[in-house]
Amino acid sequence: MPELPEVETARAAIERSALGRRIADVDDTDTFVCRPHSAGEIRSALVGLTLTEAHRRGKTLWCTTDGDAVLGLHLGMSGRIVVDPPAASGGSTDEGGDYWGDAPARPGAAAWFRFTLLFEDGGALRLHDKRRLGRVRLDPDLDALGPDAAEIDRDTFRSRVGRGRTPVKARLLDQSVLAGVGNLLADETLWRARLDPRRTVDTLDADDLDLLRRELRAATRRAIRQGGVHTGEVIEHRRAGGHCPRCGAEMMRGTVGGRTTWWCSVEQV
DNA sequence: ACACGTGTTATGCG
DNA sequence: TCGCATAACACGTG
C-alpha cells in the first residue's frame, strides 16, 4: 500500500495524535523489522522521552524526540501506523476501538503489530505490518534519498529525471533520483501525462518533463486528499480486460523497471 | 496449489 | 565505476 501519499497521511496522524506523549515502554522484539538493532536497543533509547516532530521524505518517516534519539519508520509494502488514544478516552486495539491513524480497526490486528511505543497515558503508537517488510530504526540514513517527489522544483526534476537513457517509469521509481513514487503512483502519473512508461528519458524534451512533473504533483495531491494511491483514476483499470477511462482503448500490461506496468494502448505514446 | 504483489537491497552483468 | 535488471526477502491473498 504505502507510497508517498499514504506515508504523508501516517506522518500527519503521528503529528496530530502522538507528539508530546511520554513513552513508558517499547516493544522492539521483532529484530527482523527493527534490524540492524538488537532487541531492547530501541527501547533503551526511547523510554522516558516524547516524540516532538514528525517528518517525511519520500516514503521514509522519522520522529525527533526531546532527547538525542531519532526514530525512523518505513512502512515497506504492507505497513500502517496505528495510534491509539489515551486509555481513559476509551477505545483500545483489542476492542477494535477508535483509531487515530491509518489502520485496520478490527480485532486480531495484534498478531501483526511489529513495533509498539506504549505511552504513559495507556495509549500507543504501533506499526502494523503483515509482511514484515517495514523497518524501524534509530537515526535513519536519508543520504541515499533524492528530493521529495512532492517538493522537487522544476529545474531539479528536469536534470535528475531527464539524465541517462532508462525507461521513464524506471526513473520515476528510483528513490535516489526522487523519493516517494511507487508502482501505482508511477502508472497513474504516466497515464495522466499520456506518456508510454517504456519511453527512455532521453526522448523526453523539457516540455515533456515539465508536464510529467505537473501530473506527478497533481496525482500525488489528489491521492493524499482522496485517501491513497489506490483511488487514482486509472488504478481500477489495471487488470486484464481493463479499458482506459478516458478513451476506452484496451489497457496494456508489461514489465517496466522490474514492476508490473499498465498503460493505455492508444493514448500513452 | 500456485502465482502475485502498493518496497528495498544485494548481486551480477555489460 | 556507473547504470540497469533481477533475485531475494516475508507472508497474506486471490
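Numbered from 1 within each chain, the chains take letters A, B, ... in sequence-line order.
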Subject >> Same-atom distance (P) from C/dA10 to B/dT11, integer angstrom >> reply: 15 Å
**OP:** Count the heavy atoms of every other residue, nucleotide or ligand shown that sit under 6.0 Å from CD of A/E250, and state whether that count exceeds 12.
**Re:** no
**OP:** Give a yes or no on this: more than 12 heavy atoms of other residues, nucleotides or ligands lie within 6.0 Å of atom CG of A/D155.
**Re:**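 More than 12 within 6.0 Å, yes.
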Original post:
Given that A/R131 and A/L145 both sit by DNA chain B, which one's nearest nucleotide is further toward the 5' end?
Top reply: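 Comparing both residues, the 5'-ward one is A/R131.
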Residue-phosphate contact under 4.0 Å: [X] side-chain N/O, [N] OP1/OP2:
| X | N | result |
| --- | --- | --- |
| A/S78 | B/dG7 | no |
| A/K130 | C/dC11 | no |
| A/W112 | C/dG12 | yes |
| A/H74 | B/dT8 | yes |

**OP:** Please work out whether the ring planes of A/H55 and A/W62 are parallel, tilted or perpendicular, with thresholds of 30° and 60°.
**Re:** parallel
Subject >> Secondary structure of DNA chain C in dot-bracket form (Watson-Crick or G-U wobble, distances below 3.5 Å, | marking inter-strand pairs) >> reply: .||||||||.||||
**OP:** Evaluate the side chain to side chain donor-acceptor pair (under 3.5 Å) criterion for residues A/S78 and A/D129: first the C-alpha distance (whole Å), next the side-chain angles of each, then the deciding distance (0.1 Å), finally the verdict.
**Re:** CA-CA 5 Å; A/S78 59; A/D129 182 11; 2.5 Å; yes
Original post:
In this structure, which one of A/E6, A/E8, A/E15 forms a salt bridge (charged side-chain N to carboxylate O under 4.0 Å, His left out) with A/R56?
Top reply: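 Answer after filtering A/E6, A/E8, A/E15: A/E8.
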Whole angstroms only, please: what is the [atom1]-[atom2] distance between [X] and [N]?
| X | N | atom1 | atom2 | value |
| --- | --- | --- | --- | --- |
| A/H230 | B/dG7 | NE2 | P | 14 Å |
| A/L133 | B/dT8 | CG | P | 10 Å |
| A/D143 | B/dT9 | CG | P | 13 Å |
| A/M77 | C/dC11 | CE | C1' | 11 Å |
| A/E3 | B/dT8 | CD | P | 9 Å |
| A/L61 | B/dT8 | CG | P | 13 Å |
| A/L4 | B/dG7 | CG | C1' | 14 Å |
| A/R137 | B/dT8 | CZ | P | 15 Å |

Subject >> Nucleotide of B/dT8, C/dA10, B/dG5 approaching A/T260 most closely (side-chain heavy atoms) >> reply: B/dG5
**OP:** For the side chain of A/F32, starting at C-beta, report the closest nucleotide among C/dC11, C/dC9, B/dG5.
**Re:** C/dC9
**OP:** Could you walk me through whether A/T64 and A/T52 pass the side chain to side chain donor-acceptor pair (under 3.5 Å) test, one step at a time?
**Re:** CA-CA 5 Å; A/T64 57; A/T52 49; 2.7 Å; yes
Original post:
Please, which pairs that meet ring pair (Phe, Tyr, Trp, His ring centres under 6.0 Å) have at least one residue in residues 240-269 of chain A, sequence neighbours excluded?
Top reply: none
**OP:** Apply side chain to side chain donor-acceptor pair (under 3.5 Å) to A/S176 and list each qualifying residue two or more places apart in sequence or on a separate chain.
**Re:**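 Partners of A/S176 under the side chain to side chain donor-acceptor pair (under 3.5 Å) test: A/D174.
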Subject >> Residue list, side chain to side chain donor-acceptor pair (under 3.5 Å) with A/R131, at least two apart or on another chain >> reply: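 Applying side chain to side chain donor-acceptor pair (under 3.5 Å) to A/R131 gives none.
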**OP:** For A/G182, answer base if it contacts any base atom (sugar-phosphate contacts may also be present), sugar-phosphate if it contacts only those atoms, and nothing otherwise; contact means non-hydrogen atoms under 4.0 Å.
**Re:**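 The answer is sugar-phosphate, as A/G182 gets under 4.0 Å only of primed atoms, P, OP1 or OP2.
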Subject >> Touch class at under 4.0 angstrom, heavy-atom based, for A/R253 against every strand present >> reply: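 Result for A/R253 = sugar-phosphate.
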Subject >> Of A/R163 and A/T255, the one whose closest DNA chain C nucleotide lies more 5' >> reply: A/R163
Subject >> Nucleic acid contacts - residues 165-174 of chain A versus DNA chain B, non-hydrogen atoms under 4.0 Å >> reply: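 Listed by number, there are none.
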Only pairs under 3.5 Å count here: list side-chain donor-acceptor contacts from residues 32-40 of chain A, not counting sequence neighbours, and write none if there are none.
| unit_1 | atom_1 | unit_2 | atom_2 | d |
| --- | --- | --- | --- | --- |
| A/H37 | ND1 | A/E41 | OE2 | 3.3 |
| A/H37 | NE2 | A/L138 | N | 2.8 |
| A/S38 | OG | A/E41 | OE1 | 3.2 |

